Each structure stands twice: as structure tokens, then as C-alpha cells.
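Taking it in order: structure first as C-alpha cells, then the write-up.
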Number of protein chains: 2
Amino acid sequence: MNTKRPAASQAQGTAMPVRVDAQRNAARVLAAARRAVASAGLDVSYHEIAREAGVGVGTVYRRYPERDKLMAAVLSDILTELIATAHQGLDCDDAWEGFSLLFTGLALRTAQNAGLSGSLDQHGGPAVAQRRHELLDLARRVIERAQDQGRLRRDLAWQDVLRLTGAPAVQGCVLGLEPDPAHGHHFVLTVLLDGLRAG
Amino acid sequence: MNTKRPAASQAQGTAMPVRVDAQRNAARVLAAARRAVASAGLDVSYHEIAREAGVGVGTVYRRYPERDKLMAAVLSDILTELIATAHQGLDCDDAWEGFSLLFTGLALRTAQNAGLSGSLDQHGGPAVAQRRHELLDLARRVIERAQDQGRLRRDLAWQDVLRLTGAPAVQGCVLGLEPDPAHGHHFVLTVLLDGLRAG
DNA sequence: GAACAAACGGACAGATTGTGTCCGCTAATG
DNA sequence: CATTAGCGGACACAATCTGTCCGTTTGTTC
């Protein structure tokens, strides 16, 4: 593996640093890709990402010649946030509060990234898989702790509890009532948490 | 407005009946469209529908020269089922049981037709809008009856309760746990209903 | 079973959308 | 100021969808 720096300048020993505009654009592209993927799924076109980032297509292709790499970066980015949330949940003294935090965090982020639905396990390669595993492990601990302390109903496996975090992400039902995410997610969460609480 | 029968044979007075193969294909196309829309949304291509129906594209275009008409037929078909479910719910003696029936029915059908998410209110024209209104009215009555009898929590508007029916439709969460609809819908429903029950 | 036309299938042309490359230009760096 | 990494976006190619047309099949009638 090698960095993206061209070999030429290194061979010269010039050690020319990465140009600042290049760094800025790299950041823009990644951020844009996150936004684009969140709303349109993993199939967004490179043009769409470029437009979102305010750069030319060429720039996106230069930075990420392979689609997989870009998506892996996006997924990794999302996972980082999710893992942080899980840690917060585990650090809570109160088991229910911790679980509630985790659940809410996962649910809201799932909703934000509704576009990618369940594609996290298929893409991104081993690095992403590893982090995903880490997250799952943290979540399992938060859930089982709450169950052990009798705060969370025990008749659901931790995987099933996690699956529930997808529920608030749904935009609408067949009936076509307008979504209203701000208010929407909140009451779905309320009902779900009430349904999950033990006793 | 005219039927699709060609004017010629009517003018002759021959009263040639619609050919049986035509009737059969019409049914196939509609059924295929329902399946296709359910899984791929209202944007399915005519080719896709034709393949699903096992007929040529020409047949689909001949039957439904305008996309809107086809989609209206599909939506109308779905609504018919939903309305029947709502009536069942209203006919139940027990208010909670009736509500539970309605909620489950709506949720499962929403899940089956996940592809069309919230597009029912935008498409289909006035006829569909009318039936949708009818359905909403029935649902409201079922919900309010359950609330009046103190079986369903009162802190949610009936629209919000209906919005919740979309929740089990979610395929997965960001974590990418495999969907498993058969088992999946069931426990989401369980938790939701427990969260909705009063007391 | 012969004759007629309704209905069919699918090839095909045109439009739209996405992919990936190339090259003239811009501007960061030293 | 000279050098060149990096940029933008036009462009060629590919894939997909739309809608039509016409030779062939098949239901219906006599």
C-alpha cells in the first residue's frame, strides 16, 4: 500500500506537502458523499456527489477511482459516530438511561441515513466489517445490562432489539400521511421505548 | 368516456365479446403491476411489469397507454384490501381487538408494499383520493373508539397512530442485520402494540 | 375448418441517465 | 517567476427506459 502522493516528488526528495486546496476538496467530497448516500443510497452517481460537493466530477474520480473505496470511507465515517454513541450508552450509570440513549441514537442516525437501509453488512470490506462488529458488541452489552437489571423486557434477543431501531426511519405508510420527521421520529421512539420497558 | 372495445365491432352490431385471452392478460398485467410496484415502487418500468406478467411490452402499453391509469388501478386495488381490513376492525365487538386487527393489517400491507412508501396521496387521481379518504375515516373511528374505551393511550392523535403502522415495514437498520420479514414484522408489532396499549 | 380481425410479442429507434477519461486551464508552492 | 499538482467539465461510451410498429398468433364466428 502507498499513499496517494505521486512518487515523483518523493523521489526528488522535495517532500512537497499536499496542497491545501486538495485537502479541502477531499474533505468536501467525503462530506458530500455522506449527505448524498444518506438521501439517495449507495447508488448515487458520481456526478451527484460532485455537484453536492461543489467540485468537478474529475476531482471525485481522482480521489476515489474505485467506488468501493469511497463507500467504505462513508460507511466508516458513519460507524465512527455510532460507536461513539454506543460508548456513551455504556458509560451511563443507569442501565435504562444508557439503553435509551443508545436506542435513540441508533434510531435517529438510521433515519438520517435512510437511503442505505441494510447495506452496511455487504459493502465496505473487512475494515468496515471489523468496526461494525465492534459496534454490535458494544450494543449487545448495553442491551444485556439493561435486561439483567430488569429494566428492559427479556423476551427479545438483542439482535431483535437492534432491528427495532430501524422502525422510526420509515418515511410514511401506505396511507401516505406526510412524513414530518421532526415530530415523527419522536413519538415513534416514545411508543417503542414504552413497549420495550420491562414491567 | 368509452370502453376499450373497438368501435368497429359495436357498429356492426356483432357484439363480439372481449376475447378470453385478452381478459386473462389484463388480469395478469394488473397482478404483475401490483407485485412490481410493491417491490420496486411506482417507478417500475413497463418492461419490468411485462416480464413479471409474462407478456410482451406491447400488451401492457395497449392496456394502459398512460402510466397514471395503471398506477391508479394498482393503488385502487390495494385500497380495496385495506378498506376491507378496516371494516373488519370496526365490526369487532372488543375495541382493542378491533384496533389491533386494523393496526396489524395496515402494518403488514404497508410492509408488503414497502416500495411505494408514502406515494398514495400524490398519485391516482380523485377516485383514489376518495377511497383513501374513506379508509382514513374508518381507521379514525376504530382508533377513537379504542381510546374512548380507555384501551388505547390517549396522548397520540389518530394520524400519529396511523403513521406508526409504517414502522414494521422497515427492512433493516444502519447496522445491516438481515431483514427476516416473517419473524421481523411480528416482534415489531408486539412491541408497538404493547407501547400503545393504555394502562 | 376457413376467414376475419383482435390481440399479441418483441425488435427497434430515440431519449435519458450514469460511467469514466482526457486535456486545457488555474492556482498553490518554493 | 517557474513549475506542476490539482481542477473542472466536455465528451465518448454504456446501460436503461419509453413508446411504436408490424409480422404472427389465436379466439371467434359462420
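A quick note: this is a predicted structure, and the numbers were derived from the prediction, not measured. Chain letters run A, B, ... following the sequence lines, proteins first and then strands; every chain starts at 1.
Between the CZ atom of R51(A) and the P atom of dG8(D) there is a distance of 14 Å, rounded to whole Å. Look at OH on Y64(B): it is 20 Å from C1' on dC17(D), rounded to the nearest Å. Atom CZ of R28(B) is separated from atom C1' of dA7(C) by 14 Å (rounded to the nearest Å). Taking atom CD of residue E48(A) and atom C1' of nucleotide dG20(C), one finds them 17 Å apart after rounding to whole Å. Protein atom CD of Q23(B) is 13 Å distant from nucleotide atom C1' of dA6(C), rounded to whole Å. In this structure, CZ of R63(A) is placed 8 Å from C1' of dG6(D), rounded to the nearest angstrom. Going from atom CZ of R19(B) over to atom C1' of dT25(D) covers 8 Å, rounded to whole Å. Taking atom CZ of R24(B) as the reference point, atom P of dA6(C) lies 18 Å away to the nearest angstrom.
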All N/O pairs under 3.5 Å across the protein-nucleotides 9-15 of chain D interface:
none

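For the salt bridge (Lys or Arg N to Asp or Glu O under 4.0 Å) condition, the pairs that include at least one residue of residues 81-93 of chain B, sequence neighbours left out, are R34(B)-E81(B), E81(B)-R109(B). Within the structure, no pair that satisfies the salt bridge (Lys or Arg N to Asp or Glu O under 4.0 Å) test touches residues 97-107 of chain A, not counting sequence neighbours.
Side-chain N or O atoms of R154(A) include one that pairs as donor or acceptor with a backbone N or O of Q147(A) at under 3.5 Å.
In this structure, Y61(B) reaches the bases: a heavy-atom distance under 4.0 Å links it to at least one base atom across the strands shown. As judged by a 4.0 angstrom heavy-atom cut-off over every strand, R67(B) is placed among residues touching the sugar-phosphate backbone only.
Within residues 29-37 of chain B, no residue has any heavy atom closer than 4.0 Å to DNA chain C.
Ion pairing between R24(A) and D21(A) fails under the 4.0 Å rule for side-chain N and carboxylate O.
Each of A22(A) and Y46(B) was matched to the nucleotide of DNA chain D holding its nearest heavy atom; the match closer to the 5' end belongs to A22(A).
In this structure W96(A) satisfies the ring pair (Phe, Tyr, Trp, His ring centres under 6.0 Å) test together with F99(A), sequence neighbours excluded. Partners of R140(A) according to the salt bridge (charged side-chain N to carboxylate O under 4.0 Å, His left out) rule, which considers only residues two or more places apart in sequence or in another chain, are D137(A), E144(A). Applying the side chain to side chain donor-acceptor pair (under 3.5 Å) rule to N25(B) yields no partners; only residues at least two apart in sequence or on another chain are considered. Taking D148(B) as the reference, nothing meets the salt bridge (charged side-chain N to carboxylate O under 4.0 Å, His left out) condition, with sequence neighbours excluded. Every residue meeting the side chain to side chain donor-acceptor pair (under 3.5 Å) condition with T80(A), not counting sequence neighbours, appears here in chain and number order: R131(A).
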Under 3.5 Å, which donor-acceptor pairs link side chains of residues 47-57 of chain A to any protein atom two or more places apart or in another chain?
residue, atom, partner, partner atom, Å
E48(A), OE1, R51(A), NH1, 2.9
E52(A), OE2, R35(A), NH1, 2.4

Atom pairs and distances, side-chain donor-acceptor, residues 191-199 of chain B, under 3.5 Å, sequence neighbours left out:
residue, atom, partner, partner atom, Å
D194(B), OD1, R197(B), NH1, 3.0
D194(B), OD2, R153(A), NH1, 2.7
D194(B), OD2, R153(A), NH2, 3.3

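The shortest distance between side-chain heavy atoms of W158(B) and V142(B) does not fall below 4.5 Å.
At the phosphate of dG6(D), neither OP1 nor OP2 sits under 4.0 Å from any side-chain N or O atom of N25(A).
Note on the helix from dG1(C)-dC30(D) to dG30(C)-dC1(D): terminal axis deviation equals 30°, with five pairs used at each end and the result rounded to 10°.
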